[in-house]
Structure formats: structure tokens, C-alpha cells
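Written out below as C-alpha cells is the structure these notes cover.
To find a chain, count down the sequence lines: A is the first, B the second, and so on, and within it residues start at 1. Atoms considered below: every heavy atom in the structure, side chains included; atoms not considered: hydrogens, waters and symmetry mates.
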2 protein chains.
Amino acid sequence: MDATRLTERLAALAHPARLEIVLHLARTDGCGCGDVVDTLPLAQSTVSQHLKVLLEADLITHERKRPRSTYRLNRDALLAVSEHLNAIVDQCCVGACCGGKSNRLD
Amino acid sequence: MDATRLTERLAALAHPARLEIVLHLARTDGCGCGDVVDTLPLAQSTVSQHLKVLLEADLITHERKRPRSTYRLNRDALLAVSEHLNAIVDQCCVGACCGGKSNRLD
DNA sequence: ATCGTTTATCGGCGATATACGATGAATTCG
DNA sequence: CGAATTCATCGTATATCGCCGATAAACGAT
């Protein structure tokens, strides 16, 4: 995952509604757009847009089914973001620095 | 860290220039605004604004010194974001779900 | 074929973000 | 003192975001 992809994913997560959607999908093993609409004080078109953003960032998956489609959290993608941030922390000037703290030497 | 704080930090990280700044600070154990300006194709005032955003998100620290001030990465804050995302992944419907994968049972 | 349900897309508006140059404040150097 | 350095802030122009209502598209049910 390059820097551009990372910022795209971070941007996708950096919105209260979208973060809420991610949390909802994490709790409910996949649901449709309508289900998400019911949990948020937003119009259906707005939710659809948010889902699209998350989809383009590959943070969720989409399965077209009838009568309802299913959106699911892409755990791997979310985990990749988490680990990328972790890598930055680890990379942080090995040795005593950044406020005098040592690096994960446990 | 509540959801609002998390989205604020994610938003701060979700910009190419600011992510670059964070990476730079991670590599160079603290430096001034001017040093950052030298590494980016942006005006000094723009960089200063980006630093302010990162500062408000508490992702970096600022020590006013002369002749140069010093910005440093706040490792704990960045780590907190990483772990928060990790927690969402872990929370993801305990059991087989989300693409049929099991949850970190190692 | 028509209707109802579900979802995606379009157009537009207000708000926010991003960029820059200019300016000011604080400090150091000559 | 005056000049230079470093950085923050202001004002402003432009672009993007976020939201909505309206509409289109897809499809199952009647």
C-alpha cells in the first residue's frame, strides 16, 4: 500500500458518518444500504455516497443481492491501515527520542 | 479517545503533505518548520498551517526554541489511532464472518 | 405490464479545506 | 540600532466535501 492509497483510506475513515458505518458493519456482519440509513440521521442518497467512498477505498466490500445488497467490512484493509501507522511509530528514530521514550523494546 | 477525536486525528493524517510531515518527523527526531519546508514543494505558510493541524490533533508536539522551534512526532497519539483501528477489526463480529475469516485466534 | 422496493447517480448549494503572498512578531546577529 | 532569520497569522482565491431532493435503474412480486 503506497502513501496515496493510505491517505485515501485515512480520508475515507476520517468522517464521523463513515466511521460510524464501519463500526456498524463491524458489529453486524454485513447489511444493506437501507439498514445503514436506519442507523444514521442522513438521507439515503448521502449514505449511498459514503458507502461509495468506503468502497473506493476498498475498506468495505459489496455484494449485489436481491432484494438487498450486502456491504461488509474488509478487515484486511482496515488492518493494513492500522499496521501501516504502527510501522511509522516503530520507524520513529530507533533509539531514545521523541520525548525521550525508547522504542517498543519489550 | 472518543470517535470525534479519532476522526480528527484521521483527518489530520489523511493529507499527503501532512502524512509526509509525519514520516519526516519520524525519521528525523524533531525539526523546525523550515526543515519541513525544504522537504516539500509548498510555501512556508502552507507548511505552517499543516503543522498547526497536526498539532491540534495532538499528533505532534511543539517546543518553542530559538533560533528554531522543534516539532516532534507524538508516538503515543499515533499509536493510539493504530490501536483504535485494530480494536475495530477485533470487534468485527466475533466468530466466522466478514469473508469467512476467523478473528485473530492466534 | 405495472407497482413497490432498494440502491445509485445527478445537479446544486453552502460549508470547509487548501493553497498562496503579504505582513507581523520574536529573536539573533552584525 | 538595523538587518536577517524564523515562524505564525491574516486575507483571499479556488477546489473539494457533504448534504439533500429528485430521478433513474434494477428487479421481484402481483
I need the [atom1]-[atom2] distance between [X] and [N], as an integer number of Å.
X     : N      : atom1 : atom2 : value
B/I60 : D/dC7  : CD1   : P     : 12 Å
A/E56 : D/dG18 : CD    : P     : 12 Å
A/R64 : D/dG28 : CZ    : C1'   : 15 Å
B/E8  : C/dT16 : CD    : P     : 15 Å
A/H15 : C/dA17 : NE2   : C1'   : 13 Å
A/L51 : D/dG18 : CG    : C1'   : 14 Å
A/D38 : C/dT6  : CG    : P     : 10 Å
A/Q44 : D/dC20 : CD    : C1'   : 11 Å

Query - Closest nucleotide among C/dC20, C/dT7, D/dC20 to the B/L42 side chain - result: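 My answer, after comparing the listed nucleotides, is C/dC20.
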Using the side chain to side chain donor-acceptor pair (under 3.5 Å) criterion, which residues pair with [X]? Sequence neighbours excluded.
X     : result
B/E20 : none
A/T7  : none
A/Q49 : none

Report task. Look at all strands and tell whether A/S69 reaches a base, only sugar-phosphate, or nothing, counting heavy atoms closer than 4.0 Å. Result -> sugar-phosphate
Query raised in the report: What string of B, S and - do you get for nucleotides 10-15 of chain C, 5' to 3', if B is base contact, S is sugar-phosphate-only contact and - is no contact with any protein heavy atom under 4.0 Å?
Result: B-----
Report summary line: Once base and sugar-phosphate atoms are separated, protein heavy atoms under 4.0 Å mark nucleotides 25-30 of chain C, 5' to 3', with B, S and - as -BSS--
Query raised in the report: Between B/A11 and A/C33, who's closer to the 5' end of DNA chain C by nearest nucleotide?
Result: A/C33
Query raised in the report: For the side chain of B/R18 and the backbone of B/A11, is there at least one donor-acceptor N/O pair under 3.5 Å apart?
Result: yes
Report task. Take B/C31 and A/A43, find for each the nucleotide of DNA chain D with the closest heavy atom, and name the residue whose nucleotide sits nearer the 5' end. Result -> B/C31
Taking 4.0 Å as the cut-off, does a side-chain nitrogen or oxygen of [X] come that near to OP1 or OP2 on [N]?
X     : N      : value
A/S48 : C/dA8  : yes
B/H62 : D/dC7  : no
B/H50 : C/dC20 : no
B/R18 : C/dT18 : yes
B/Y71 : D/dT6  : no

**Report entry** Side chains of B/T28 and B/H24 in contact at under 4.5 Å (non-hydrogen atoms)
**Finding:**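 When only atoms from C-beta onward are counted, B/H24 and B/T28 do touch, with a gap below 4.5 Å.
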Requested in this report: May I ask you to test the B/V47-B/C33 pair for a side-chain heavy-atom distance under 4.5 Å?
Outcome: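 Touching, per the 4.5 Å side-chain cut-off.
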Which donor-acceptor pairs under 3.5 Å do side chains of residues 51-62 of chain A form with protein atoms, sequence neighbours excluded?
from: A/H62; atom 1: NE2; to: A/S69; atom 2: OG; distance (Å): 3.4

Query - Contacts of B/E63 that satisfy salt bridge (Lys or Arg N to Asp or Glu O under 4.0 Å) - sequence neighbours left out - result: B/R72
Query raised in the report: Who pairs with B/H15 by ring-ring contact (aromatic ring centres under 6.0 Å, His included), at least two apart in sequence or on another chain?
Result: B/H50
Requested in this report: For B/D38, enumerate each residue passing the side chain to side chain contact (heavy atoms under 4.5 Å, CB included) test, keeping only those at least two apart in sequence or located in another chain.
Outcome: none
